[in-house]
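Since the model is a prediction, treat every value here as computed from it, not as a measurement. Starting from 1, each residue takes its place in the sequence as its number. Whatever order the structure lists ligands and atoms in, that order sets their numbers, starting from 1.
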Amino acid sequence: MKTYRIATIPGDGIGQEVIPAGAEVLKALAAAAGSFAFSFENFGWGGDWYRQHGVMMPADGLDALRHQDAILFGSAGDPHIPDHITLWGLRLKICQGFDQYANVRPTRILPGIQTPLKNCRVQDLDWVIVRENSEGEYAGVGGRAHQGHPIEVATDVSIMTRAGVDRIIRYAFKLAQGRPRKHLTVVTKSNAQRHAMVMWDEIAASVALDFPDVHWDKELVDAMTVRMVNRPASIDTVVATNLHADILSDLAAALAGSLGIAPTGNIDPERRYPSMFEPIHGSAFDIMGQGVANPVGTFWSCVMLLQHLGEDAAAARLMAAVEAVTADPALHTRDLGGQATTAQVTAAVCKRLAH
Ligand code: ATP
């Protein structure tokens with residue numbers, strides 16, 4: 001029987017509540033399926049680790065993860081540590097160290113969940129947003145000079161490489177090709193950013209030639225926000241830069257009902273390294289320790305993890321169990337207007353899996 005090695009990194013805040021819930025659900029799934037197993041290794045990195053060691057993760061942390069089959073990640077963020085330290089010291093270190101260049105964010109309105117959009121039918125909102133995850137606006141290139149003086153200067157330079165743009169656009173076309181509608185929207189801002197984004201558009205047009213069966217269009221990022229709200233059914237698969245997709249996918253999560261539901265995968269498509277799956281929400285310190293965090297974003301991330309491992313039947317089984325649970329308003333957590341706890345939602349999903 002195949003045993004998958006999964007690294008769990010709960011991180012900070014509600015990550016410490018939803019990741020154990022995710023591991024519990026994966027164990028219940030493996031027990032029910034009977035054809036594979038999981039071996040979990042937990043890593044206590046994050047804000048508390050930083051307070052003890054001065055770093056968010058050990059210097060040889062990537063080596064401890066390298067041979068895992070996948071990583072399940074919670075969140076990094078601490079009210080007493082600057083955000084750029086928590087982000088760059090843990091999550092981005094893993095994403096960049098393992099060249100997880102495709103950040104994939106599916107969005108759907110799950111059964112029982114209300115969208116804030118008027119006149120939007122469930123079938124109108126079924127998107128996958130592909131975010132460039134290795135360069136662009138978050139390449140980390142820049143600096144500060146004259147710090148603290150009136151003439152201080154600071155730069156964050158967006159880096160776009162032909163290889164980096166080509167590989168993410170190619171990944172998005174391939175993904176769109178595998179979806180029923182075979183439609184891709186390439187998000188751009190080449191009207192205002194006249195160098196890198198023009199290259200982005202040119203590369204999109206040339207990669208498109210290799211995917212003649214995929215319909216594609218181009219949208220400016222500002223117009224894309226309007227289209228997501230006014231014409232959700234016109235969208236299927238989307239590809240955008242690191243910054244643009246970061247913003248668009250939070251909007252997508254809100255339109256699908258709650259930040260607490262949305263999943264994401266940081267994928268190394270070439271499978272040289274483990275890929276990492278996580279709910280898109282952050283550490284949510286306002287609700288931590290209360291047992292009310294919505295674990296659905298983590299469960300859906302587990303579905304993506306299973307798909308990545310090639311366990312498609314098990315992935316479908318877990319998604320069906322999650323959807324059966326979201327369909328029941330008595331099992332909605334506070335972010336969805338309900339009273340249910342993390343433990344109750346987790347137990348309900350595990351019970352469904354046992355059937
Ligand atoms: P970070 O700084 O780590 O990104 P944050 O607290 O600023 O975290 P999020 O955690 O992404 O931002 O979410 C914003 C708010 O949405 C939270 O403060 C919380 O109230 C709510 N929220 C997010 N995720 C969940 C969840 N899984 N369950 C319930 N509420 C959630």
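Applying the 4.0 Å criterion to heavy atoms of Gly282 picks out, from ligand 1, the atoms 1 (P), 3 (O), 4 (O), 8 (O), 9 (P), 10 (O), 11 (O). The Ala76 neighbourhood of ligand 1 comprises atoms 3 (O), with distances under 4.0 Å to a heavy atom of that residue. Taking every heavy atom of Ala293 and a limit of under 4.0 angstrom, the matching atoms of ligand 1 come to 28 (N). Proximity to Asp286 (heavy-atom distance under 4.0 Å) selects the following atoms of ligand 1: 17 (C), 18 (O), 19 (C), 20 (O).
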Notebook entry, point to check: Does the ring-ring contact (aromatic ring centres under 6.0 Å, His included) test come out yes or no for His53 and Trp49, once each step is laid out?
Noted result: CA-CA 6 Å; His53 305 275; Trp49 187 278; 4.1 Å; yes
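Under 4.0 angstrom from ligand 1, there are no non-hydrogen atoms of Asp12. Neither the backbone nor the side chain of Pro279 has any atom closer than 4.0 Å to an atom of ligand 1 (non-hydrogen atoms only).
Of the candidates Asn294, Ile287, Leu259, Leu87, it is Ile287 that places a heavy atom closest to atom 31 (C) of ligand 1. Taking only non-hydrogen atoms, the option from Pro295, Ala284, Ser258 nearest to atom 22 (N) of ligand 1 is Ala284.
Protein heavy atom nearest atom 24 (N) of ligand 1, with residue, atom name and distance: His281 CB, 3.2 Å.
Comment: Asp78 engages Arg51 in a salt bridge, judged by a side-chain N to carboxylate O separation of less than 4.0 angstrom.
For atom 18 (O) of ligand 1, the nearest protein heavy atom lies closer than 4.0 Å.
Residue-environment remark: CZ (Arg181) exceeds the threshold of 12 foreign heavy atoms within 6.0 Å. Heavy-atom neighbours of Lys182 NZ from other residues, nucleotides or ligands within 6.0 Å: above the threshold of 12. Arg167 CZ: more than 12 foreign heavy atoms inside a 6.0 Å radius. Atom CD of Gln290 has more than 12 heavy atoms from other residues, nucleotides or ligands within 6.0 Å.
Between Ser283 and ligand 1, at least one pair of N/O atoms sits closer than 3.5 Å.
A continuous path of Ile, Leu, Val, Met, Phe, Trp and Tyr side chains, each step under 4.5 Å between heavy atoms, connects Val322 with Phe277, placing both in one hydrophobic cluster.
Glu135 and Ile159 get closest at one heavy-atom pair: CB-O, 3.5 Å.
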